[in-house]
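Note sheet for the following structure.
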Number of protein chains: 2
Amino acid sequence: MHFTGLVKTIKERREALHVTQETIAELSGVGLRTLKQFESGKGNPTLLTLQKLLDVLGMEVCLKIKDLTSNQ
Amino acid sequence: MHFTGLVKTIKERREALHVTQETIAELSGVGLRTLKQFESGKGNPTLLTLQKLLDVLGMEVCLKIKDLTSNQ
DNA sequence: CTGTAAAGTGCATTATATGGCATTATTTTA
DNA sequence: TAAAATAATGCCATATAATGCACTTTACAG
């Protein structure tokens, strides 16, 4: 999953929960500015920042072997 | 998956491939110092750094809904 | 053991993520 | 369509990730 996909997934998850960026920022402890920057596809969050956001959204990072059939 | 788990998985993957940190650093474009720091459990890599490393290891980040049954 | 390769660490510098504040743009709602 | 809520962006200070270099420690082959 590329950066763009991660952003999209997280943003969609937040919207599905009907929660504002401000709320997520408060609950996660991540700065509102940082969250906005991330959701608008800018920036390069640290793993910790990403995990804080995911945590509040009831999600987590996982690793998988790249799917060779869907290369490129 | 928590930070510790990510580190462990990545390190084990690298070792399973019989590749040195130096090689991964060169192939990924991530500084050797950064990789060392990461594998020794220190630091807080950016998503980009993480993805560069995973890429070389044939892996990728994915997101999943947290498993409630395995809480704590 | 001994030498060598691989991994870990201290220090300094540079690049950049974080985050607050004010302002603007966009979306939603009444 | 006006007002209110949400989201995006510029400016900017601070914290810290990224990285190179030199050196130490650990692992391993001979």
Side-chain angles (χ1 to χ4, degrees), chain A residues 1-68 71-72, chain B residues 1-68 71-72:
Chain A
M1 198 175 216
H2 289 298
F3 182 73
T4 309
L6 295 178
V7 170
K8 190 158 174 284
T9 301
I10 290 176
K11 182 166 186 168
E12 284 174 359
R13 171 80 173 168
R14 178 180 64 77
E15 288 170 342
L17 296 174
H18 300 293
V19 188
T20 66
Q21 291 177 335
E22 197 165 349
T23 301
I24 296 295
E26 281 165 7
L27 294 178
S28 67
V30 169
L32 180 57
R33 188 61 222 274
T34 301
L35 174 53
K36 285 181 182 305
Q37 209 149 357
F38 174 67
E39 278 199 8
S40 58
K42 293 150 193 168
N44 173 29
T46 63
L47 184 53
L48 187 58
T49 293
L50 186 62
Q51 288 182 321
K52 282 182 187 169
L53 294 175
L54 291 174
D55 209 51
V56 167
L57 294 169
M59 305 180 82
E60 62 181 339
V61 172
C62 64
L63 301 181
K64 55 176 266 188
I65 304 295
K66 245 185 288 185
D67 183 358
L68 299 176
N71 261 353
Q72 265 37 264
Chain B
M1 200 174 214
H2 288 298
F3 182 73
T4 308
L6 294 178
V7 170
K8 189 158 175 284
T9 301
I10 290 176
K11 182 166 188 169
E12 285 175 358
R13 170 80 171 168
R14 178 180 64 75
E15 289 169 342
L17 296 173
H18 300 293
V19 188
T20 65
Q21 291 178 335
E22 198 165 348
T23 301
I24 296 294
E26 282 165 5
L27 293 178
S28 67
V30 169
L32 179 56
R33 188 62 222 272
T34 302
L35 174 52
K36 285 180 181 303
Q37 207 149 354
F38 174 67
E39 278 200 7
S40 60
K42 293 150 195 167
N44 173 29
T46 63
L47 184 54
L48 187 57
T49 294
L50 187 63
Q51 288 182 321
K52 282 181 185 169
L53 295 175
L54 291 174
D55 209 52
V56 167
L57 294 169
M59 305 180 82
E60 63 181 341
V61 172
C62 64
L63 301 181
K64 56 176 266 188
I65 304 294
K66 246 185 289 185
D67 183 359
L68 299 177
N71 262 352
Q72 265 33 265

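This is a predicted model, so every value here is computed, not measured. We name chains A, B, ... by the order of the sequence lines, and we start the count at 1 in each one.
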Summary of protein contacts for nucleotides 22-30 of chain C, nucleotide by nucleotide, where a base hit scores B, a sugar-phosphate-only hit scores S (4.0 Å, heavy atoms): ---------

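Sequence order on DNA chain C of the closest nucleotides to B/E15 and A/G31 puts B/E15 first from the 5' end. Take the nearest nucleotide of DNA chain C for B/T46 and for B/V19: the residue whose nucleotide is more 5' is B/V19.
A straight line from CD of A/Q37 to P of C/dC21 spans 16 Å, rounded to a whole angstrom. Remark: P of C/dA6 and CG of B/L35 are 14 Å apart, rounded to the nearest angstrom. For A/L50 and C/dA17, the CG to P distance is 14 Å, given to the nearest whole Å. When the P atom of C/dT18 is taken as reference, atom CG of A/N44 falls 8 Å away, rounded to whole Å. We find that CD1 of A/I24 is positioned 16 Å from P of C/dT18, with the value rounded to whole Å. Distance A/L32 CG to C/dA17 C1': 15 Å, rounded to the nearest Å.
The line from CG of B/L53 to CE of B/M59 is 11.5 Å long, rounded to the nearest 0.5 Å.
Put simply, the side chain of B/N44 gets close to the backbone of A/L48: a donor and an acceptor are under 3.5 Å apart. Of the possible polar contacts, none joining the A/R14 side chain to the A/I24 backbone as a donor-acceptor pair under 3.5 Å is found.
For B/E39 against B/V7, the heavy-atom pair with the smallest separation is O-CG1, 3.5 Å. Closest heavy-atom contact between B/G31 and B/A25: C-CB, 4.3 Å. The minimum heavy-atom distance linking B/K52 with B/G29 is given by the pair NZ-O, 4.3 Å. The two atoms that bring A/F3 and A/P45 nearest to each other are CE1-CD, 3.9 Å, heavy atoms only. B/Q51 and A/M1 get closest at one heavy-atom pair: NE2-O, 3.4 Å.
In this model, the phosphate group of C/dA5 is not approached by any side-chain N or O of B/Q21 to a distance below 4.0 Å at OP1 or OP2. Proximity of A/K42 to the phosphate of C/dT18: no side-chain N or O atom is located under 4.0 Å from OP1 or OP2.
Nucleic acid contact for A/T34: base, since at least one base atom lies under 4.0 Å from a heavy atom of the residue. A/E39 comes within 4.0 angstrom of nothing in the nucleic acid, heavy atoms only. Note on B/G29: only backbone sugar-phosphate atoms sit closer than 4.0 angstrom, heavy atoms only; bases stay farther off. Residue B/K52 is classed as having no contact, given no heavy-atom separation below 4.0 Å to the nucleic acid.
A heavy-atom distance below 4.5 Å is not found between the side chains of B/L57 and B/V19.
Mapping heavy-atom proximity under 4.0 Å, the span of DNA chain D touched by chain B runs 5' to 3' from D/dA17 to D/dC21.
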